[in-house]
Structure formats: structure tokens, C-alpha cells
Amino acid sequence: MSAKVNDDLLTERRKCEFNVEELTNYLDGGAQATQNRRKLEDKVLSTKGLFDEVPEEYLSHKEKYENAVRKAVVYYKAMKEAEDPNQTEQERANATYRSLLHAAVFKDNSPFSLHLAMFIPAILGQADEEQKKYWMKRASKMEIIGTYAQTELGHGTFIRGLETTATYDPKTEEFVLHSPTLTAYKWWPGSLAHTANYCVVMAHLYINGKSCGIQPFIVQFRDEETHQPLPGIKLGEIGAKLGFNTVNNGFLGFDQHRIPRNRMLMKNAQVLKDGTFKRSPNSKLTYGTMVYVRVVIVNGMANQLARAVTIAVRYSAVRRQSELKPDAGEPQILDYVTQQHKLFIGIASSHAFTLTAKWLTRMYQKVTADLEKGNLDELPELHAIACCLKAVTTTDTSVLVERSRTSCGGHGYMLSSNLPQIYGLVTAACTYEGENTVLMLQTARSLVKALEQAQSGKRLSPTMSYLSEKVSSRLKWDNSIDGIVKGFRRVAYGKVESAMRSMRKYVRSGLGPEDAWNMSSVQLVAASEYTSISEADIRQLQDTYEDLLGKIRPNAVGLVDAFDFRDQILNSTLGAYDGRVYERLMEEALKSPLNAEPVNQSFHKYLKPFMQGKL
Ligand SMILES: CCCCC/C=C\C/C=C\C/C=C\C/C=C\CCCC(=O)SCCNC(=O)CCNC(=O)[C@H](O)C(C)(C)COP(=O)(O)OP(=O)(O)OC[C@H]1O[C@@H](n2cnc3c(N)ncnc32)[C@H](O)[C@@H]1OP(=O)(O)O
Ligand SMILES: Cc1cc2nc3c(=O)[nH]c(=O)nc-3n(C[C@H](O)[C@H](O)[C@H](O)COP(=O)(O)OP(=O)(O)OC[C@H]3O[C@@H](n4cnc5c(N)ncnc54)[C@H](O)[C@@H]3O)c2cc1C
């Protein structure tokens, strides 16, 4: 018999003014896609051995990892078996696009995540046809487990500064991989420490003493039978982190480690047997895997943010606190406009990121198809947009998830709420796949170039076209969507123009272009991410905004119900569909090993002698 649903949540669901199922279908891409997703979730989550007997937070660092590997093998087998052979690739992609199935199994991400998130995309994007055929067969069947090893102890952002060398030996037709210094050790790759046995390594290629730039190599580093590190390979785990503690991030050092010539992934650049180097049509094609993951991250942020606001909004409908009016009893905290202000932006942002992710994915697919035909024209724009959207969505999601946590008071600080773990997951994305400031400066580089082109009368790409609109600074704008967008475009234009003016001022004062860039870089980042609106219009918008909060209030629970996260995926004492938060908080508390006995042994060992002055 299912537990009684909290009365306040029942009332909220009765008040909702729209059809929740319709919004769920829209988010999934249609009623069939919703059905496919639910069917997949039902199948996978009914698998035995997927869940923890003891909550993960009470395990040691080592036990957490071992438990995660145990679940990962069960989970990935269940996912494979659940695949519906009659489904098209697109239907399968849609079914997983919005599903956070893995989040029901791994609170802190899977030890296999890099295999799917980067190792396979790197093979697909960097291997030639023959290599792709061979490696994809093994990787897709998980006969081998891989990761993506680019970052080193001494370098993450500056790829051209990576120290790992790959020196071609024409006599044996091999590459010799070497870590010349401690800072050259690969450091951070997920799954690298104890899980994976292969990786795509980004290393500096040298042929006859000449640098041929950073190239991708597929490298085996553990024996497939014994899992022992191969000769010339030093491996280990980098230690406990804020989150991702079951991702098994590791370090790897090479000592003159030899690999055959065909292990350099040769879709873009090639090395012939005699050592002839055939350059890539564009050296940045080697960076293609990162562009792909930045695109995927935008959608991932939408889903994680939706999960956090679902927890916080449902809790805010159940929690009653303080007094809004004398003798009116304690109101739901969702009736405080400050609470609505904290949470409703998160709901709206999640929808905005979902739509943005769909748009960016289409752009990525078009540009990638063009690349296949040798047309690289739109690669720079894709790079600039992917950098900006990855940085903006990860920054905003981190802020909004943290705001969801603090809006739940003390209970939001409990690991059993799952809000701290979701924060740990999303805030990592501000750093990985390109640290956000660095990516914003990449976008700024394109904006400055575009404004210079606009000022010399050249046509701009669609996403940069706002820089060529001579929008008058005396633009009167109204509260209509069109008016607000016009206002934002005007201000965005102004930000780029002022950053450029600042750089020109520094150059006129005698600084070189690089120093002028550096001196203006705070403005450049603002031009890429930040568009504020002028003071006078804030008041007008504020009234509209507060009025909107009131309109959303009766539909807030419906809006988060429409995200359709089942309780196992929310994994939260505060966010369950039935709203029994207090019973769940107590149930989870009693699982703490400390509650197994009324008096802990430390009393007799330490406390009692201490309090009796005997220590
Ligand atoms: C479960 C989690 C829940 C939440 C997340 C949800 C979903 C997440 C989904 C998947 C993730 C899940 C698990 C995975 C977890 C972690 C994975 C993390 C893996 C990593 O963390 S993996 C390492 C990432 N590490 C980087 O990300 C390094 C960043 N550092 C760079 O990327 C370069 O270092 C740069 C660009 C800063 C400088 O590079 P540079 O010095 O060589 O170039 P430079 O600045 O001189 O620019 C010269 C010309 O190249 C153009 N250009 C540059 N890059 C281009 C590109 N990509 N494409 C096309 N053009 C490009 C420019 O636009 C310019 O063009 P122009 O000259 O015309 O202006
Ligand atoms: C959870 C997690 C998982 C990861 N997984 C992987 C993985 O699987 N594989 C992998 O290869 N890597 C991985 N990474 C590494 C990640 O890609 C790097 O941490 C990231 O690229 C940043 O590089 P860094 O750590 O060297 O920081 P740095 O580049 O040293 O940055 C430090 C600071 O310097 C600033 N800075 C650097 N360059 C500039 C510049 N040009 N202009 C202005 N400011 C600058 C940055 O903004 C930042 O504030 C992971 C990282 C994390 C946190």
C-alpha cells in the first residue's frame, strides 16, 4: 500500500492550472518518448543489486569505490539488456537525453563515466575508419574500459604546454611515450587509477626532433588479464575530492613506454611508416572531443538543475514555518515571495537550458557533418558558442543548486537531501572540460573579432549578428519579450564595444596587444557572459517580475512534477513525490551506524576517563 501523500502536496497538485503530463511529453519530445523513457527506467531500476544496503555516505573512501564498481557492472549490463532492438538510434538517444538513470545508482557519478563521456567520443572523433572499426567494437561491448588523459599535474588549460612526449622511432615504427618531469604526469582523468585499462592520451608528438603538435594516442596501460600496470607505467589515485569520489580520478606517468605506430589516432593528422608527418587540415580538430562534451554538459546541467529544484520546491510546499500574518498559523515557506524568488528562476533556467541544449546539439551535428565534407567554415563559431554556453550554464547551475540547498534550511545541508551531492557534481563542471574563465575568454576572442568585422562592414554569423545592429543607445524598450531581448542585445553590444575601447586605450598608452588584452580581460569575460540592463528599467521589470512570481506560485509543484523524476532518481529525503519528509529524515538518520548502539565505545575509552580527570 503506497504511503499517504502529504496534504499540502495534494492541495498543490489540485491547484495546478495546466496538464502536467503534457509538459512532461513536451520535455521528452513527445508522448512516445515519455513512454520509452519510463519503460527504460522501470526495467533498469528493477534490477537486483543496483542499490546500497548501507547509504554510501557511511562507507570508507575505498569501500565507496569498490561498491560503485560493483553497481557499475550491474547497471551497465542492465542498460544493455534494456535496450529495445526495435528502437531507432534517435529514439534511444531521446529516451536517455532526459533520463538521469545513473543518478539513481551513483550519487557521486560512476567509475565508468569517462568511458562513455570521453573515451568513446574521442575514438569516434579522432580515429580513422580502420581504427574506429576495431576500437569501437571492443569499447562499445565494454571488453575494454577507457578514459581521456589530457590534463597533467602541471597543465590543464594550456594544451600547447602539455609535457608528455610521443617520439616516433622509424626503425621500430613505434612511438615512445615519456613523462620527462613530475608535472608531466597525467593527473585527473576519471577511471584512470584502478578501473580503466586503456586511455586516449594527448601528447606532444616529435619526429626527428621536430615538434608536430599535440596528437591523440590510444594507449593500453593495464594488462587485460591481470589488470597489473604495464612496464614503464606508474599509476595511482589522486585522493579524496569535494565530489566525484567514485569516479576514481588518477595519475599516470610514462617511462619510455613504447606503442605501435597505429596507436596514434589518425583521422586528422597522420604519421607514415618512414616518419613523414601529414598535418591536419586544422590543428584544432584535435580538440574536437572537448567541444562535443561541452555540448553534452549543457543538457546535463538542465537535468541536474531540474532535479535540485524539484527537491527544493516540493520541500517548500511541505515545510511550514514562522508567521506571515498574526493568528493565521504557519504558512508553507513557498508562500514567502523571497522563497519563490530563490526557486522559480531555477525552474525557468532549467527549461531555458534544455531548449538551449537542443539548439546547440543541432548546431554541433550540422558543423560535424560539414567537417566530414571538409568544410570547416563554422567550426570557430561552434567553438565560441560551446565555450560560452558550457561556462554560463555550469556557473548558473552551480549558483542555483546551491540556492536550492540553502532554501531548504538545515535539512538541505543533510546528505540525505542529496542537494550537497548534486552541488558537488555540477560545480565540478565549472572546472572540467575547460575552466569557465578560460572558455569565456575564448568566446571574447571571437566577439572582439566579430565587432571589428562589423565595424568594417563585413557580414557576421547569425549568433554574432547583434554586433552589427546599429541599435541606438536611446532605444526605448518596453516589457514585451521583444523589448527585453532588444534591450539585452543593446547592452551586450555595449559590453563588447567598451572592452574593445579599453584595449585600444591600453595600446595607445604603449602596452603591447597581449598586455592590453590581459588588462581588459575582466571586461572581456563580462562581455561574453554578462548582460545587465540599465537602472531605470529595472524598476519597471521588477513589477513585472513580482507579478510573474505570483502567477507561477499555484503551478510551482506542477512544474517540477512535470520533470517526472522518480524518487530513486531524486534520491532525496526532502524531494520524494509523497512529501513525507519528516518520516524519511528519521528513517535515513536511523541508518547511521552510530545509531546501532545507545552508548558508543568512545565513552568508556576516552570520555569517561577524561570527565573524571583520569586522562
Ligand atoms: C555526472 C555529472 C553530472 C553533471 C554533468 C552533466 C553532464 C556532463 C556530461 C558529461 C561529463 C560527465 C562526466 C565527465 C566528467 C569529467 C570530464 C572532464 C574531462 C576533461 O576535463 S578533459 C580536459 C579538458 N580540458 C580543456 O578543456 C582544456 C581547455 N583548454 C583549451 O581548450 C585550449 O588550451 C584553449 C582553447 C584555451 C587555448 O588553445 P590554444 O592555446 O591552442 O589556442 P589559442 O587560444 O591560441 O587559440 C587559437 C585558435 O584556436 C581556436 N580554437 C581553440 N580551441 C578550439 C576548438 N576546440 N575548436 C575550434 N577552434 C578552437 C581559437 O578560437 C583560436 O582561433 P583564432 O586564432 O581564429 O581566434
Ligand atoms: C572533477 C574533475 C574531473 C576531471 N576529469 C578529467 C578527465 O577525465 N580528463 C582530463 O584530461 N582532465 C580532467 N579534469 C581536469 C580539468 O580538465 C582541468 O582541471 C581543467 O582543464 C582546468 O585546468 P587546471 O586544473 O590545470 O587549472 P588551471 O588551468 O591551472 O587554472 C587555474 C586558474 O588559472 C586561470 N587561468 C588559466 N589560464 C588562464 C588564461 N589563459 N587566462 C586567464 N586565466 C587563466 C583559470 O581561470 C583558473 O582560475 C577534471 C577536473 C575535475 C575538477
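Counting starts at 1 for both ligands and their atoms, in listed order.
- Distance from atom 36 (N) of ligand 2 to its nearest protein heavy atom, with residue and atom name: Val438 CG2, 3.9 Å.
- Checked by distance only, ligand 2 and Thr157 come closer than 3.5 Å through their nitrogen or oxygen atoms.
- Of the N or O atoms in Ser446, none lie within a sub-3.5 Å distance of an N or O in ligand 1.
- Residue contacts with ligand 2: Glu435 is placed with a nitrogen or oxygen under 3.5 Å of a nitrogen or oxygen of the ligand (distance criterion only).
- With a 4.0 Å heavy-atom cut-off, ligand 1 is reached by the side chain of Met118 but not by its N, CA, C or O.
- With 3.5 Å as the limit, one finds no donor-acceptor pair spanning the side chains of Ser461 and Glu378.
- Here Arg294 has side-chain heavy atoms under 4.0 Å from ligand 1, and that is the only part of it that gets that close.
- For atom 16 (C) of ligand 2, the nearest non-hydrogen atom of the protein is Thr151 OG1, 3.7 Å.
- Scanning the protein for heavy atoms near atom 6 (C) of ligand 2, the closest one is Trp188 O, 3.8 Å.
- Residue-level proximity to ligand 2 for Leu441 is carried by the side chain, the only part with a heavy atom below 4.0 angstrom.
- Residue contacts with ligand 2 for Asn436 are absent, since no atom lies close enough (heavy atoms, distance under 4.0 Å).
- Using a 4.0 Å cut-off to heavy atoms of Val296, the atoms of ligand 1 that qualify are 9 (C).
- The shortest N/O to N/O separation between Gly434 and ligand 1 falls below 3.5 Å.
- For Gly190, a nitrogen or oxygen atom sits less than 3.5 Å from a nitrogen or oxygen atom of ligand 2, counting backbone and side chain alike.
- Only side-chain heavy atoms of Asn109 come within less than 4.0 Å of ligand 1; its backbone N, CA, C and O stay farther off.
- Any N or O atom pair closer than 3.5 Å counts here, and His155 shares no such pair with ligand 2.
- In terms of polar-atom proximity, Tyr432 is not counted as a contact of ligand 1, lacking any N or O under 3.5 Å from an N or O of the ligand.
- By the 3.5 Å distance cut-off applied to N or O atoms, Tyr432 is not counted among the residues near ligand 2.
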Would you please test Phe112 and Tyr76 for ring-ring contact (aromatic ring centres under 6.0 Å, His included) and show each step?
CA-CA 9 Å; Phe112 292 3; Tyr76 286 92; 5.1 Å; yes
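- Polar contact check, Tyr148 against ligand 1: no nitrogen or oxygen pair lies under 3.5 Å apart.
- Only the side chain of Met290 comes within 4.0 Å of ligand 1, counting heavy atoms alone; its backbone N, CA, C and O stay farther away.
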